[in-house]
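A short write-up of the structure that comes next.
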Amino acid sequence: MREGSYDDRGLLARLRRGDPQAFEELVISHQDRVFGVALRMLGSRAEAEDVAQEAFLRAYRSVAEFRGDAKLSTWLCAITSRLCLNRLDSADRRRTRHGDELLASVADDRPDPTGHLEQHERETALHRAIAELSDDRRIVVVLADLEGLSYEDVAETLAVPVGTVRSRLHRARMELRERLEKFL
Amino acid sequence: MTCLDARERFSELVDERLDAADRAAVDTHLVGCDACRTELERFRATVTLVRSLAPARAPAGFAQRVLTAAGDTPRVQPARRRWIERLVFPLPVKLPLEAAAVLLVGVGVAYVFTHSPELQQATRVEAPAVVQEPRSVENMAPSSTPAPAAPPREGMTPAADSRADVQAPPPAPSATAPPAPTETPPAPPPAAIVPPPAQPKREPAGSAATAPALRAPAAPAPPAVAESQMERRQQAPGIGSMAPDAQQREAPARVLRDSARAKESDLASRAVAKAVAPPDLAGALVVPSRAAADTALRDLVARHRGQVVATSVAGSTTTVEVRIPRDAFAAFVTGLDALGRWRPDRETPELPADVRVAIRLTE
């Protein structure tokens, strides 16, 4: 789980004053999480980078209107999640079940799997299984299991009740458990 | 506890979110159920596998590209600050202009006031007019339209408008008469605009749910209409036929009636504004079949002590506006997830006691 290492309120105050260094700190501290959410949701590094950049720019433009009643990371995740879900919903987006594209994208991140064929096969199956979840279930798994957000933070990010988070996460995990049967 | 109940709690068990009672119940079940113990182990392994995925890293240079793009992006100031800045800055230009504008308005008002005898009279005469004694009513010519609550002209008395008052009841004994009983009946409560908390939980589809809201605003109108019709009918024969002391007692009644009418239209317009205020929450529900989902949604609303407020269809989208008690809202949203893919438009605001939700059904 990645945590911020600075005071949220202090950083927020500096952001509101237009301190350019504050924004740089925000980007550097949260870029992996924001990019990671986008990548797991969209399955394409290029799209993930577009969405992640747009998420930071939206935060930059509207920080004055952010009430500060949530953590900065939760707020950024909320912006990123909305952008991803809107993009996935758009009618003209031709989506494959993007397992292969995601694997190709994510594989660039990983060290050379030579000599770890079984692990590679397991991770390939895992990426594919996550990619094949419905958008609503996938975002909950990404936020809760991959990014380590609590149920409450996920609920706040997605603007749904905690009960809905619990239900969707459980359904997603049950679905993953069936798809990954042979690796368990 | 059944196997199904136990397995439904596996996520909370793995995340250590079960309360003590549920935890004890699950543990007791697992002790006696090999199948569920095996299933739990597979479930835990799945969660562990998912969590073991290496975190993604932003590509090299990403932060720099964002900072560069941000340099070209205008920032949004808080609304209040924007207003203040627009009013005040630049100082050397805005302040003199605004001072001149204030001065000009003040001079204009003073000029209009000093050159308008009617306005001066209005400010002088208006207060005593309500209790002024009627005079020479018999000599006043009837006019074709009833006067509204306008200030009486010099030489005229409020009773000159008493042709509007002829239908009033027999005069009360006191000079400062109590309000007449035929004074405009109190307006139906504004709640009439909003469909009443319906006892039958199942609402008819389509326009019936909107009918009460559409019909209700008409309700306050008839008494006022009937009264003005009465006024016109009574005009010709009425003048001069009332005793002077009766006319005097009618003047306060007329003022009260006029203020009641003003209150009615204010209440009606506030009620209409309430009816068209935006819902507390809106979102899209993507479903396999809109018709089936519409029926299932109404069942869901009924099961959660809610009420369907309105339904509208626009193209391929059916919008159903519902009202759900706050304490049932969480379970209601869980039910929405079972019907299809529920996508709220924005973060959930602080919910009122009665949550109005607009649900757009699309296929």
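Letters A, B, ... mirror the listed sequences (proteins, then strands); counts begin at 1.
- For Arg173(A), the parts lying near chain B are the backbone and the side chain together; criterion is any non-hydrogen pair under 4.5 Å.
- Within the 4.5 angstrom heavy-atom criterion, atoms from both the backbone and the side chain of Leu176(A) approach chain B.
- Between Thr311(B) and Glu321(B), the closest side-chain pair of non-hydrogen atoms is not below 4.5 Å.
- The aromatic rings of His170(A) and Phe43(B) are tilted relative to each other, their planes meeting at an angle between 30° and 60°.
- With a 4.5 angstrom heavy-atom cutoff, Arg17(B) touches chain A only via side-chain atoms.
- A 4.5 Å side-chain heavy-atom check between Arg45(A) and Phe35(A) finds at least one atom pair inside the cut-off.
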Margin query: Applying side-chain contact (heavy atoms from CB on, under 4.5 Å) to Leu297(B) and Leu339(B), what does each step give before you reach the verdict?
Written below: CA-CA 8 Å; Leu297(B) 176 61; Leu339(B) 298 182; 4.3 Å; yes

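- If you measure heavy-atom distances from Glu54(A) to chain B, you find no contacts under 4.5 Å at all.
- Of the listed residues (Ala129(A), Ser150(A), Ala52(A), Ser167(A)), the one with the most heavy-atom contacts under 4.5 Å to chain B is Ala52(A).
- The parts of Val66(B) that come within reach of chain A are both its backbone and its side chain, each placing non-hydrogen atoms under 4.5 angstrom from that chain.
- You'll find the side chain of Leu76(A) reaches within 4.5 Å of the side chain of Phe56(A), heavy atoms only.
- The closest side-chain donor-acceptor pair between Asp337(B) and Thr334(B), if any, does not fall under 3.5 angstrom.
- With a 4.5 angstrom heavy-atom cutoff, Glu12(B) touches chain A via backbone and side-chain atoms both.
- Counting heavy-atom pairs under 4.5 Å between each of Glu39(B), Glu41(B), Arg9(B) and chain A puts Glu39(B) at the top.
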